[in-house]
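Here's the structure, in structure tokens; my notes come after.
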Amino acid sequence: TVGPDVIDVRSLTSTGHFTFDPGFMSTASCESKITYIDGDKGILLHRGYPIEQLAEKSDYLETCYLLLNGELPTAEQKAQFVSTVKNHTMVHEQLKSFLNGFRRDAHPMAIMCGVVGALSAFYHDSLDINDPHHREISAVRLVAKMPTIAAMVYKYSIGQPLMYPRNDLSYSENFLHMMFNTPCEIKPISPVLAKAMDRIFILHADHEQNASTSTVRLAGSTGANPFACIAAGIAALWGPAHGGANEAVLTMLDEIGDVSNVEKFLAKAKDKNDPFKLMGFGHRVYKNFDPRAKVMKQTCDEVLGELGINDPQLDLAMKLEEIALNDPYFAERNLYPNVDFYSGIILKAIGIPTSMFTVIFALARTVGWISHWKEMIASGQKIGRPRQLYTGHAKRDLPR
Ligand code: ACO
């Protein structure tokens, strides 16, 4: 035992024993100094700082610096970091030809898996994982290039010309510029939307050993290069039980259609013979309110109020939330709206199409993934190699 709640089972290997924990419900795969979560109390800290304070008083690039380096930057360090990120916002021109290999109606996450993985074919000067400088530069490249790649994927899907990054804009303004402006029409970016976007990025920046981060660590433990590891994280994030949930929330609202159908869908969610789940509700770790959801709900109210948006789908979401929160089934199981319930609504209000929601999650989470990858490489962690409980045939001979 190494703490009141932690049993160190590493010595079991020498006795031929191992633990069986499908879904890693009670297995810590590593030590980490990056993010702390107390799911019962609804606490989320990055390097010790509460997420609520970061969302209110910091900005995304400062939060990136904090996650990557362990401390908040001084004014000088921040200016230097922002400038370095801006130096790397463009992607290699040849990377554009990768897009042409995809159908325009491909899911943007399918293209993201391919294009981000392909970065390792371009940036050979940052692939030596044993060189700390290479690790730094690949981390900065990923943070800098993700908005450019995400916007490229969107523009490709709608057949518009790709927009180059603008380094006179902030990280979030630049992303919205590349998403929504065209060479024919450059409109100023709304500060309210840029602020909301930045907050969404901060709230998704890291969340300790979730499925995608664990995937990045597992891939990285083999010595794979950082771009390949992040592509693996993107693939893991895509599923509807993880990052795909924000897209699934909007699809579900479409399916529900009208407030008069809410009760029918709640009954489906409660029926154990029906695979339907209320998307955007529940969390593996938070068995109290997700602290990110609280901030996201507040941002959601601000954005909708500021934009004066009157959207029946958004009214439906609010009604669904209200009815579910008062339903004993959800209360007994501690099922609250998670961060994805509100992020989907804000992204829709900003004008981001549903199919891009998970891409935006991937963009924001890249800094968390790469911070964990760097921490793992620096700690010299062994290759990740889970055991299994074999339930197949005993040895038998071929019948010939
Ligand atoms: N709707 C209806 N019932 C639910 C829901 C839901 N969204 N989530 C959990 N439950 C029920 C389960 O059926 C189970 O009921 P039971 O005890 O009667 O069998 C109970 O609540 C416990 O749920 P588990 O599935 O054991 O919880 P787990 O920790 O394995 O799953 C998960 C968590 C995957 C997030 C789940 O709640 C879910 O699928 N939610 C919808 C998808 C979603 O919003 N995912 C986003 C997660 S946040 C993120 O990735 C950023």
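We use all heavy atoms of the structure for the numbers below, so side chains are in, but hydrogens, waters and symmetry mates are not. Here, residue 1 is the first one in the sequence, and each next residue gets the next number.
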Worksheet item: Do M163 and K155 have side chains that get closer than 4.5 Å, going by heavy atoms?
Response: yes
Item to complete: Would you confirm whether S221, through its side chain, and G384, through its main-chain N or O, come within 3.5 Å as a donor-acceptor pair?
Response: yes
Worksheet item: CZ/F341 to CD1/I345 distance, rounded to the nearest 0.5 angstrom?
Response: 4.5 Å
Worksheet item: Counting distance only, does the side-chain N/O of T213 pair as donor-acceptor with the main-chain N or O of Q209 below 3.5 Å?
Response: no
Worksheet item: Does H88 offer a backbone N or O that forms a donor-acceptor pair with the side chain of K145 under 3.5 Å?
Response: yes
Discussion item. Could you check whether any side-chain N or O of N338 sits under 3.5 Å from a backbone N or O of G282, counting only pairs where one atom can act as donor and the other as acceptor?
Written reply: yes
Fill in: Common cluster, F102/L119, ILVMFWY with side-chain heavy-atom separation under 4.5 Å
yes
Worksheet item: Are D274 and K268 within salt-bridge range, i.e. N to O under 4.0 Å?
Response: yes
Worksheet item: When you look at L325 and F330, which way does the side-chain contact (heavy atoms from CB on, under 4.5 Å) test go after all the steps?
Response: CA-CA 7 Å; L325 283 177; F330 292 91; over 6 Å; no
Discussion item. Within this structure, what is the CZ-CG distance for the pair F201 and L363, rounded to the nearest 0.5 Å?
Written reply: 4.5 Å
Item to complete: Could you tell me whether the side chains of T19 and D21 share a donor-acceptor contact shorter than 3.5 Å?
Response: no
Discussion item. Are Y65 and L45 linked, directly or through intermediate hydrophobic residues, by side-chain heavy-atom contacts shorter than 4.5 Å (ILVMFWY only)?
Written reply: no
Worksheet item: Given side chains that start at C-beta, do those of W373 and P226 come closer than 4.5 Å, heavy atoms only?
Response: yes
Discussion item. Counting only heavy atoms from other residues, nucleotides and ligands, does the tally under 6.0 Å from NZ of K96 exceed 12?
Written reply: yes
Discussion item. Evaluate Y286 against L44 for side-chain contact (heavy atoms from CB on, under 4.5 Å), listing each step before the verdict.
Written reply: CA-CA 10 Å; Y286 294 118; L44 168 61; 3.5 Å; yes
Item to complete: Decide yes or no on side-chain contact (heavy atoms from CB on, under 4.5 Å) for F276 and M252, but give the supporting numbers first.
Response: CA-CA 10 Å; F276 176 79; M252 173 188 75; 3.8 Å; yes
Worksheet entry | Residues forming a side chain to side chain contact (heavy atoms under 4.5 Å, CB included) with Q94, sequence neighbours excluded | H92, S97, F122
Worksheet item: Any side-chain donor paired with an acceptor under 3.5 Å for S58 and T63?
Response: yes
Worksheet entry | Contact check, side chains of H134 and I129, non-hydrogen atoms, under 4.5 Å | no
Worksheet item: How would you list, by chain and number, every residue that makes a side chain to side chain contact (heavy atoms under 4.5 Å, CB included) with R166, sequence neighbours excluded?
Response: D168, L169, N174, H177, I186
Worksheet item: Crowded around Y329 OH? As in, over 12 foreign heavy atoms under 6.0 Å?
Response: yes
Worksheet item: How about E185 and N181: do any of their side-chain heavy atoms sit closer than 4.5 Å?
Response: no
Discussion item. Working to the nearest 0.5 angstrom, can you tell me the gap between I37 CD1 and K41 NZ?
Written reply: 14.0 Å
Fill in: Flag, side chain of Q77 to backbone of T74, donor-acceptor distance under 3.5 Å
yes
Item to complete: Could you tell me whether K294 atom NZ has more than 12 heavy atoms of other residues or ligands within 6.0 Å of it?
Response: no
Item to complete: Taking all non-hydrogen atoms of both residues into account, name the closest pair between T215 and A232 and its distance.
Response: CG2-O, 3.6 Å
Fill in: Exercise: do S170 and D59 side chains pair donor with acceptor under 3.5 Å
no
Worksheet item: Is there a donor-acceptor pair under 3.5 Å between the side chain of H124 and the backbone N or O of A121?
Response: yes
Could you tabulate the donor-acceptor pairs under 3.5 Å formed by side-chain atoms of residues 354-361, not counting sequence neighbours?
{"from": "T358", "atom 1": "OG1", "to": "G243", "atom 2": "O", "distance (Å)": "3.3"}

Worksheet item: Would you call D327-K270 a salt bridge at under 4.0 Å N-O?
Response: yes
Worksheet item: Are any of the side-chain nitrogens in E375 or R217 under 4.0 Å away from the carboxylate oxygens of its partner?
Response: yes
Worksheet item: Relative to each other, are the rings of F180 and Y154 parallel, tilted or perpendicular (30° and 60° limits)?
Response: perpendicular
Discussion item. Would you say that D315 contacts V259 through its side chain, given a criterion of any heavy-atom pair below 4.5 Å between the two side chains?
Written reply: no
Discussion item. What I want to find out is whether K195 reaches E306 closely enough, with some N-O distance under 4.0 Å, to be called a salt bridge.
Written reply: no
Fill in: Main-chain N/O of H204 paired with R365 side-chain donor or acceptor, under 3.5 Å
yes
Worksheet item: At their closest point, which heavy atom of A196 faces which heavy atom of I346, and how far apart are they?
Response: CB-CG2, 4.4 Å
Worksheet item: Any side-chain heavy atom of K395 within less than 4.5 Å of one from D397?
Response: yes
Worksheet item: With distance as the sole test, does N69 use its side chain to make a donor-acceptor pair with the main-chain N or O of L66 at under 3.5 Å?
Response: no
Item to complete: Would you check if there is a donor-acceptor pair between the side chains of Q298 and Y342 at a distance under 3.5 Å?
Response: no
Discussion item. With rounding to the nearest 0.5 angstrom, report the OH to NZ distance, Y336 to K287.
Written reply: 11.0 Å
Discussion item. Less than 3.5 Å apart, any donor N or O on the side chain of H283 or N334 sitting next to an acceptor on the other?
Written reply: no
Worksheet item: Are L67 and I43 linked, directly or through other ILVMFWY residues, by side chains that come within less than 4.5 angstrom of each other?
Response: no
Discussion item. Just verifying a value: how many Å separate S120 OG and I230 CD1, rounded to the nearest 0.5 Å?
Written reply: 11.5 Å
Worksheet item: Got a donor-acceptor contact below 3.5 angstrom from the T222 side chain to the L218 backbone?
Response: no
Fill in: Euclidean distance, D206 CG relative to R47 CZ, rounded to 0.5 Å
9.0 Å
Worksheet entry | Sidechain N-carboxylate O distance under 4.0 Å for D125, R141 | yes
Discussion item. Is it true that E208 and H46 share a donor-acceptor pair across their side chains at a distance under 3.5 Å?
Written reply: no
Discussion item. With a 3.5 Å distance limit and no angle check, can you tell me whether D340 reaches the backbone of G280 through a side-chain donor-acceptor pair?
Written reply: no
Worksheet item: Cluster question for you: counting only ILVMFWY and a side-chain heavy-atom cut-off of under 4.5 Å, with indirect links fine, are L176 and Y164 together?
Response: no
Fill in: Test side-chain contact (heavy atoms from CB on, under 4.5 Å) applied to N225 and Y123, step by step
CA-CA 11 Å; N225 76 67; Y123 300 104; over 6 Å; no
Fill in: I323 with L320, same ILVMFWY side-chain cluster at under 4.5 Å
yes
Item to complete: Consider only side-chain N and O atoms of R199 and T299, and report whether a donor and an acceptor are under 3.5 Å apart.
Response: yes
Worksheet entry | Validation row: V140, N87 side chains within 4.5 angstrom (heavy atoms) | no
Worksheet entry | Mutual orientation of the aromatic rings belonging to H107 and W238 [parallel < 30°, tilted 30-60°, perpendicular > 60°] | tilted
